[in-house]
Amino acid sequence: NRLFMGNPGTGKTTVASIYGRILKALRFLSNGELMMKSASDLIGDKVGEAQTKTRAVVEMAQGQVLFIDEAYNLDDQLYGKQALDTLVEKVQATAGADIAVILAGYKPQMLKMLREQNPGLSSRFEPKFAIEFEDYSDDELLDILSNELERRAKNVQMPIAVKKHAVKELAKRRAMANFGNARAVQTLVSNAKTRLQERLKDDAAAKKVFC
């Protein structure tokens, strides 16, 4: 069981999927597939519901990697706490345990949760064994942009000078909270495709008028 800590778009989900395949190859897991859940999937709006939902999710995830994204949203003194207490109860790092649980989210919030919640949480998810995901460098963002264009937007031609300018603009957001990293690149490419399609439609409409 592990903590994955870092900003969005830094590859936590991708690495979790690879982690599952490795654990299956090593015969620590019988399945090794990735089950994605958010904190909201574990909590309810009445007493007892969080425990029931969390137990059900853990049971469904047997043999797999259970990836709980934005797990720090469980850091409260009511339903989130009940879900965390149930995780501590159900997730044991013992021989034969056929499940791996990953709690993912921003580092400061995750460490705060470990300090303030059930003491057993830190023994199940030890901070010293956490995997930290750093923001991508400008060169890495440039590679991601090139790969994203090749994979998802073959009809969008972007000269290298434009790519570098786009990355420079993205990098300005790195100091801001919730910087999206690869996700920000994906959004940029998606927006570029949308604007291109709109321009093509406008051009086609203009040609019909003049014809």
Side-chain angles (χ1 to χ4, degrees), residues 1-24 26 28-134 177-183 186:
N1 306 306
R2 288 287 185 273
L3 297 170
F4 278 19
M5 300 192 295
N7 283 332
T10 48
K12 295 188 290 296
T13 305
T14 301
V15 172
S17 181
I18 296 169
Y19 187 55
R21 297 201 295 271
I22 292 172
L23 292 179
K24 182 184 179 183
L26 294 174
F28 289 122
L29 292 179
S30 59
N31 184 311
E33 293 183 0
L34 183 67
M35 177 184 285
M36 294 281 297
K37 294 292 180 181
S38 65
S40 61
D41 293 318
L42 306 183
I43 58 178
D45 54 10
K46 56 187 177 182
V47 175
E49 191 172 359
Q51 293 98 320
T52 301
K53 292 177 72 172
T54 303
R55 289 192 187 102
V57 167
V58 172
E59 288 301 317
M60 286 191 298
Q62 289 300 304
Q64 304 176 64
V65 173
L66 173 58
F67 185 93
I68 303 174
D69 199 16
E70 298 182 340
Y72 52 84
N73 285 322
L74 298 171
D75 186 17
D76 63 31
Q77 295 303 315
L78 191 57
Y79 302 125
K81 175 177 173 55
Q82 292 171 8
L84 290 173
D85 289 346
T86 304
L87 276 178
V88 170
E89 172 196 340
K90 301 293 289 185
V91 177
Q92 302 287 337
T94 56
D98 194 17
I99 187 173
V101 180
I102 294 173
L103 301 183
Y106 301 112
K107 181 177 180 179
Q109 289 92 326
M110 297 291 284
L111 294 179
K112 174 180 176 293
M113 180 177 72
L114 291 178
R115 288 193 305 269
E116 298 183 357
Q117 290 294 332
N118 189 317
L121 198 61
S122 291
S123 65
R124 304 293 191 276
F125 304 91
E126 295 191 46
K128 66 179 179 180
F129 295 130
I131 299 177
E132 296 190 34
F133 293 74
E134 297 181 358
N178 308 333
F179 176 59
N181 288 281
R183 197 175 299 171
Q186 291 169 353

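Scope of the values below: all heavy atoms of this structure, side chains included, with no hydrogens, waters or symmetry mates. What you are looking at is a predicted structure, and each value in this text was computed from that prediction instead of being measured.
Tyr106 OH: more than 12 foreign heavy atoms inside a 6.0 Å radius.
Residues Thr10 and Asn181 have side chains that never bring a donor and an acceptor to within less than 3.5 angstrom of each other.
Across all non-hydrogen atoms, the minimal contact from Gly63 to Ser30 is CA-OG, 3.4 Å. Nearest heavy-atom pair across Val65 and Gly20 is CG2-CA, 3.4 Å. Minimum heavy-atom separation, Ile68 to Ser38: CG2-C, 4.3 Å. Of all non-hydrogen atoms in Arg124 and Val88, the two that sit nearest each other are NH2-O, 2.8 Å. Between Ala83 and Ala50, the closest heavy-atom pair is N-CB, 4.1 Å. Across every non-hydrogen atom of Pro8 and Arg183, the tightest pair is CB-NH1, 3.5 Å.
Counting heavy atoms from C-beta on, the side chains of Gln109 and Asp75 never come closer than 4.5 Å. Contact check for Ser40 versus Asn73: no side-chain heavy atoms found under the 4.5 Å cut-off. Taking the side chain as every heavy atom from C-beta outward, Thr86 and Lys53 never approach each other to under 4.5 Å. No side-chain heavy atom of Phe125 sits less than 4.5 Å from a side-chain heavy atom of Met110. For the pair Asn118/Leu84, no side-chain contact is recorded, criterion being any heavy-atom separation below 4.5 Å from C-beta on. At a threshold of 4.5 Å between non-hydrogen side-chain atoms, the residues Asp76 and Ile43 do not count as touching. By the 4.5 Å heavy-atom criterion applied to side chains, Val101 and Val58 are not counted as neighbours. Proximity of Glu59 to Lys90: side-chain heavy atoms (C-beta onward) are separated by under 4.5 Å at one or more points.
Here Ser123 contributes atom OG and Asn1 contributes atom CG; the two are 10.0 Å apart, rounded to the nearest 0.5 Å. Here the CZ atom belonging to Arg115 is positioned 7.5 Å from the NZ atom belonging to Lys112, to the nearest 0.5 angstrom. Taken from CG in Leu29 to CD1 in Ile22, the straight-line distance is 11.0 Å, to the nearest 0.5 Å. Once rounded to the nearest 0.5 Å, the distance linking NZ of Lys37 with CG of Asp69 reads 13.0 Å. Of the inter-residue distances, the one linking Met36 atom CE with Leu66 atom CG reads 10.0 Å to the nearest 0.5 angstrom. For the atom pair Gln117 CD and Leu74 CG, the distance stands at 8.5 Å (nearest 0.5 Å).
Remark: Phe4 pairs with Phe133 by the ring-ring contact (aromatic ring centres under 6.0 Å, His included) rule, at least two apart or across chains.
The backbone N or O of Asp45 sits less than 3.5 Å from a side-chain atom of Tyr79, completing a donor-acceptor pair. In this structure, the side chain of Lys107 does not engage the main chain of Glu132 through any donor-acceptor pair within 3.5 Å. No donor-acceptor pair under 3.5 Å is formed between the side chain of Asn7 and the backbone N or O of Phe179.
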task: Please assess Gln82 against Asp85 for the test side chain to side chain contact (heavy atoms under 4.5 Å, CB included), listing each intermediate value before the final yes or no.
output: CA-CA 5 Å; Gln82 292 171 8; Asp85 289 346; 5.6 Å; no
message: I'd like to know whether Leu103 forms a side chain to side chain contact (heavy atoms under 4.5 Å, CB included) with Met113, so could you lay out the CA-CA distance, the side-chain angles of the two residues, the decisive distance to 0.1 Å, and finally the verdict.
response: CA-CA 11 Å; Leu103 301 183; Met113 180 177 72; 4.2 Å; yes
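Between Lys24 and Glu33, no side-chain nitrogen of the basic residue sits less than 4.0 Å from a carboxylate oxygen of the acidic one, so the salt-bridge criterion is not met.
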